[in-house]
Amino acid sequence: QVQLVESGGGLVQPGGSLRLSCAVSTKIYSVGDMGWYRQTPEKQREMVAIVRVDGSTNHADYADFVKGRFTASRDNVLITVSLDMNSRKPEDTAVYYCNVYARTTSVAELQSYWGQGTQVTVSS
């Protein structure tokens, strides 16, 4: 089982900044897309950002509601993915989940794995 360890959640004032990080803590064979989702009690889990690898270049896709405010990045050597959240709004309050597609062996299928979730609250 692939373990993902998230860090960086907490309370931030509107307009403030916060950085979330996620690390793969178990040995894997290869990694695919890495990204972030969020969920509130009122909504289903929704995509925030996905960072894909195109050759040797990382490319991030964002949900419309975070474009221009959030920046996702990944380190393909350390196998980590981060989310820099700027210009935070109260509606960004949610539990944020890290998601990673990985193969555990050379013959294993690419599977989706989730972090435990970290609470982010935007409030004055």
Side-chain angles (χ1 to χ4, degrees):
Q1 183 71 12
V2 175
Q3 300 290 331
L4 306 182
V5 179
E6 300 177 17
S7 60
L11 174 66
V12 64
Q13 292 187 342
S17 299
L18 197 67
R19 180 180 175 94
L20 302 181
S21 296
C22 173
V24 178
S25 64
T26 51
K27 187 175 181 180
I28 59 173
Y29 176 77
S30 66
V31 62
D33 293 349
M34 305 177 75
W36 293 92
Y37 290 70
R38 70 186 189 186
Q39 188 170 16
T40 66
E42 298 78 26
K43 289 184 179 181
Q44 291 184 336
R45 194 171 295 187
E46 58 185 1
M47 186 273 286
V48 176
I50 298 175
V51 189
R52 312 178 196 278
V53 177
D54 181 9
S56 60
T57 303
N58 294 336
H59 174 76
D61 293 316
Y62 298 94
D64 287 343
F65 53 77
V66 301
K67 282 182 180 177
R69 300 189 298 122
F70 292 8
T71 302
S73 58
R74 61 187 281 172
D75 186 312
N76 296 320
V77 175
L78 298 177
I79 314 181
T80 60
V81 61
S82 298
L83 185 68
D84 289 299
M85 300 179 290
N86 300 308
S87 303
R88 299 302 306 275
K89 303 176 181 180
E91 52 264 42
D92 293 324
T93 296
V95 177
Y96 285 72
Y97 294 90
C98 169
N99 176 252
V100 172
Y101 280 82
R103 287 187 175 88
T104 54
T105 69
S106 61
V107 296
E109 292 185 357
L110 195 66
Q111 290 190 330
S112 173
Y113 299 93
W114 293 92
Q116 78 279 9
T118 183
Q119 176 69 46
V120 174
T121 302
V122 183
S123 175
S124 56

Side chains of C98 and W114 in contact at under 4.5 Å (non-hydrogen atoms): no
Salt-bridge contact D64-K67 (side-chain N to carboxylate O under 4.0 Å): yes
Side-chain heavy atoms of I50 within contact of Y37, under 4.5 Å: yes
Nearest atoms (heavy-atom pairs only) where R88 meets Q13: CB-O, 4.4 Å
Gap separating the CG atom of D84 from the CZ atom of R69, nearest 0.5 angstrom: 13.0 Å
Check: V2 and V100 side chains under 4.5 Å, non-hydrogen atoms: no
Student check: side-chain heavy atoms of T104 and Y113 closer than 4.5 Å: yes
Minimum-distance pair of heavy atoms, taken over all atoms of Q44 and Q39: C-CG, 4.2 Å
Nearest-0.5 Å distance, OG1 of residue T93 to CD of residue Q119: 7.0 Å
CD (E91) with more than 12 external heavy atoms under 6.0 Å: yes
Side chains of D92 and M85 in contact at under 4.5 Å (non-hydrogen atoms): no
Minimum-distance pair of heavy atoms, taken over all atoms of S73 and V51: N-CG2, 4.1 Å
Side-chain heavy-atom pair L4, Q116 within 4.5 angstrom cut-off: no
D75 CG to T80 OG1 distance, which is reported to the nearest 0.5 Å: 4.5 Å
Sub-4.5 Å side-chain heavy-atom contact between N99 and S112: yes
Heavy-atom donor-acceptor pair, R103 side chain to S30 backbone, under 3.5 Å: no
Side-chain (S25) to main-chain (Q3) donor-acceptor, under 3.5 angstrom: yes
Side-chain heavy-atom pair I79, M34 within 4.5 angstrom cut-off: yes
Parallel, tilted or perpendicular: ring planes of Y96 versus F70, cut at 30 and 60 degrees: tilted
From OG (S21) to CD (E6), nearest 0.5 Å: 10.0 Å
For A63 against M47, the heavy-atom pair lying closest together: CB-O, 3.3 Å
Hydrophobic cluster membership, Y97 vs W36, 4.5 Å side-chain cutoff: no
Nearest-0.5 Å distance, NE2 of residue H59 to CZ of residue R74: 12.5 Å
Least distance between heavy atoms, A72 atom then A49 atom: CB-CB, 3.7 Å
Residue pair S7, T118: steps toward the side-chain contact (heavy atoms from CB on, under 4.5 Å) verdict: CA-CA 7 Å; S7 60; T118 183; over 6 Å; no
Y62 with F65, same ILVMFWY side-chain cluster at under 4.5 Å: yes
Minimum-distance pair of heavy atoms, taken over all atoms of V120 and G9: CG2-CA, 4.1 Å
Transitive ILVMFWY side-chain link V122 to V95, under 4.5 Å: no
Point-to-point distance, once rounded to the nearest 0.5 Å, from CG of D33 to CG of D61: 8.5 Å
